[in-house]
> 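Structure provided below as structure tokens; questions to follow.
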Amino acid sequence: LMARMVLDKDYQIAKVDERIYGSFIEHLGRAVYGGIYEPGHPQSDEQGFRLDIIELVKELQVPIVRYPGGNMVSAYNWEDGVGPKEERPRRLELAWRAMETNEVGTNEFADWAKKVDSDIMMAVNLGTRGIDAARNLLEYTNHPGGTYWSELRKSHGYENPHNVKTWCLGNEMDGPWQVGQKTAHEYGRIAKETAKAMKLVDPSIELVACGSSNTGMPTFPEYEATTLDHAYEQVDYISLHQYYGNKENDPANYLAKNMDMDHFIDTVTSTCDYIKAKHRSKKTMYLSFDEWNVWFHSNESDKKIEPWTVAPPQLEDQYNFEDALLVGSMLITFLQHADRVKMACLAQLVNVIAPIMTENNGRSWKQTIFYPYMHASIYGRGISLKPIVSSPKYDSKDFTDVPYIDCSVVYNEETEEVTIFIINKNLTDNITVNADVRSFEEYRLVEHIVLEHDNLKAVNTASNQAVVPHKNGDSQLKSGCLEANIAKTSWNVIRLK
Ligand code: AHR
């Protein structure tokens, strides 16, 4: 099979906002306790943060981490997590029905984020609480001093403000599972009024309003339209969340699911632009895809979790090779929408539907999805170009005309590097891609990294890294023509300089 491609410096979509390589840590399962934080572990630092995990997160170069939830934030009292640890209350954590010890809270998380060189995307509770708790938390985290909440922060040992710049106005407020679920009108009003108060406290912040929890919600996309009708001028982003799975074990259909994501992004973009037109606004609304991943492997075992325990092993999906391919395709989709999607968070980062896993008091390892995420984060910074691709196509259960070849290209002007991300979704055949790269005169092939495995269900464990990338991809670059042999079901990173 053959595919053709034209790449040109001038076919620019937009500069990639590096925050599309964000991730997420929720107080859920073993993400915090037993994940990033495990005092007493031989590799933990003086604060109890695991250094092996800090190193793995740094390998991913995660620019921003969403915190503290998730569903958890909708019944969270942030005040429980600050001040002397011995005075912090144990609480019933309602979203996941676990025990929250509050040993880690806002200040500790800010310390951890610094250790991994990330910014924080902080969510406020618009489920059980509202404007007051949100503006107080913002004053606590961002105000320099001389007020009740900023002085309280100082008294807790944090002289300097944390300067959190990105804030989520609640989480999945359309969901019946959410504590304090709201209709779009109820949510739009509270989002607008909370946004107004927060921007009075600190006008430099950016705010994300909740959109629908996924495309399957009955109120999608009306929820977005109504919310933005209320809050368009006060917020800067609308959020999108989506998880996919392969319950029916149909790999061809599964690997096509980023086409649904593509359609989702287009629909939300159109909805934003409709409200923009309706309001005669000059402002463009951007998209924050602040939860995305594969999530289905752990659904059954999660039903057996004992309630009200500390850090139970919840949402511990063990990812296989085909999951890594879909994660790669989703990253490609974000790059293709670099003009509107400015933030995205792989949900989540450690233990909970995560690229990084730990054993309690033991080892840590990289799941299969670690690799496409890492490659995109490291090499996908620059200008997203629009490759013109003609690829053979297939039909699957839910999709028609699925191109076997999924591709996005990032041109880094500063380093003068071009990175081509390519996936071949064909289950049996390799595809030769002929790419015209004439506008990148004098460029040479630096490397062709490949993630491939004969078994789509291969997984990585603490003792066995079965799915790891290699650098022996089969590509040649000769007089402006790149010829790349893209193996069946493979993720490829072709770097030119
Ligand atoms: O990431 C896991 C959960 O998925 C989040 O808490 C919630 O926002 C979403 O439903």
Side-chain angles (χ1 to χ4, degrees), residues 22-33 35-36 62 64-76 78 92-98 100 109 121-128 166-182 187 191 208-220 223-224 227 237-245 261 264 287-303 305 311-319 323 327 330 343-357 367 369 373:
S23 190
F24 179 23
I25 290 279
E26 177 168 2
H27 282 248
L28 194 188
R30 300 191 306 122
V32 174
Y33 309 111
I36 64 171
V62 184
I64 190 163
V65 184
R66 189 163 174 252
Y67 177 84
N71 296 336
M72 171 270 189
V73 81
S74 293
Y76 178 55
W78 68 267
L92 298 181
E93 195 293 290
L94 297 187
W96 306 100
R97 308 193 74 236
E100 174 57 60
F109 189 75
M121 177 194 279
M122 187 80 84
V124 299
N125 174 353
L126 292 188
T128 59
T166 313
W167 293 77
C168 299
L169 296 162
N171 176 71
E172 296 189 349
M173 300 310 302
D174 62 331
W177 58 86
Q178 205 68 219
V179 178
Q181 181 195 10
K182 290 182 173 49
Y187 175 65
V208 186
C210 296
S212 299
S213 296
N214 56 69
T215 47
M217 298 302 289
T219 46
F220 170 72
Y223 204 91
E224 283 78 351
T227 295
Y237 305 86
I238 186 95
S239 83
L240 297 81
H241 291 181
Q242 189 72 46
Y243 297 96
Y244 295 114
M261 182 184 229
F264 186 16
L287 276 50
S288 171
F289 213 121
D290 43 44
E291 285 187 35
W292 69 274
N293 202 349
V294 169
W295 173 15
F296 74 108
H297 296 285
S298 58
N299 293 353
E300 287 309 308
S301 58
D302 279 346
K303 292 181 186 150
I305 299 268
Q314 282 167 310
L315 279 63
E316 300 206 359
D317 274 40
Q318 186 181 44
Y319 291 115
D323 299 328
V327 161
M330 290 162 97
M343 297 191 278
C345 302
L346 176 70
Q348 298 191 11
L349 187 53
V350 183
N351 287 333
V352 172
I353 43 174
I356 298 169
M357 296 301 292
Q367 294 234 57
I369 63 168
Y373 177 42

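Here the structure is a predicted model, which is why all the values come from computation and not from measurement. We count ligands from 1, going down the list as the structure has it; atoms in each ligand are counted the same way.
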> May I ask you to decide if Q178's main-chain N or O and E172's side chain share a donor-acceptor pair within less than 3.5 Å?
no

> Measure the CG-CD distance between D174 and Q181 for me, rounded to the nearest 0.5 Å.
7.0 Å

> Applying side-chain contact (heavy atoms from CB on, under 4.5 Å), can you list everything that pairs with N214, at least two apart in sequence or on another chain?
M217, Q242

> Every pair of nitrogen or oxygen atoms between ligand 1 and the protein that is under 3.5 angstrom apart - can you list them with their distances to 0.1 Å?
unit_1, atom_1, unit_2, atom_2, d
ligand 1, 1 (O), Y243, OH, 2.8
ligand 1, 1 (O), E291, OE1, 3.4
ligand 1, 1 (O), Q348, NE2, 3.0
ligand 1, 4 (O), Y243, OH, 3.4
ligand 1, 4 (O), E291, OE1, 3.1
ligand 1, 6 (O), E26, OE1, 2.6
ligand 1, 6 (O), E26, OE2, 3.2
ligand 1, 6 (O), N71, N, 2.9
ligand 1, 8 (O), N71, OD1, 3.4
ligand 1, 8 (O), N171, OD1, 3.2
ligand 1, 8 (O), N171, ND2, 2.9
ligand 1, 8 (O), E172, OE1, 3.4
ligand 1, 8 (O), E172, OE2, 3.4
ligand 1, 8 (O), E291, OE1, 3.3
ligand 1, 8 (O), E291, OE2, 2.6
ligand 1, 10 (O), E172, OE1, 2.7
ligand 1, 10 (O), E172, OE2, 3.3

> Who are the side-chain contact (heavy atoms from CB on, under 4.5 Å) partners of A347, not counting sequence neighbours?
F24, Y243, E291

> Once you measure the plane-to-plane angle for Y67 and F109, does it fall in the parallel (<30°), tilted (30-60°) or perpendicular (>60°) bin?
parallel

> Who pairs with D302 by side-chain contact (heavy atoms from CB on, under 4.5 Å), at least two apart in sequence or on another chain?
S298, I305, Q314, L315

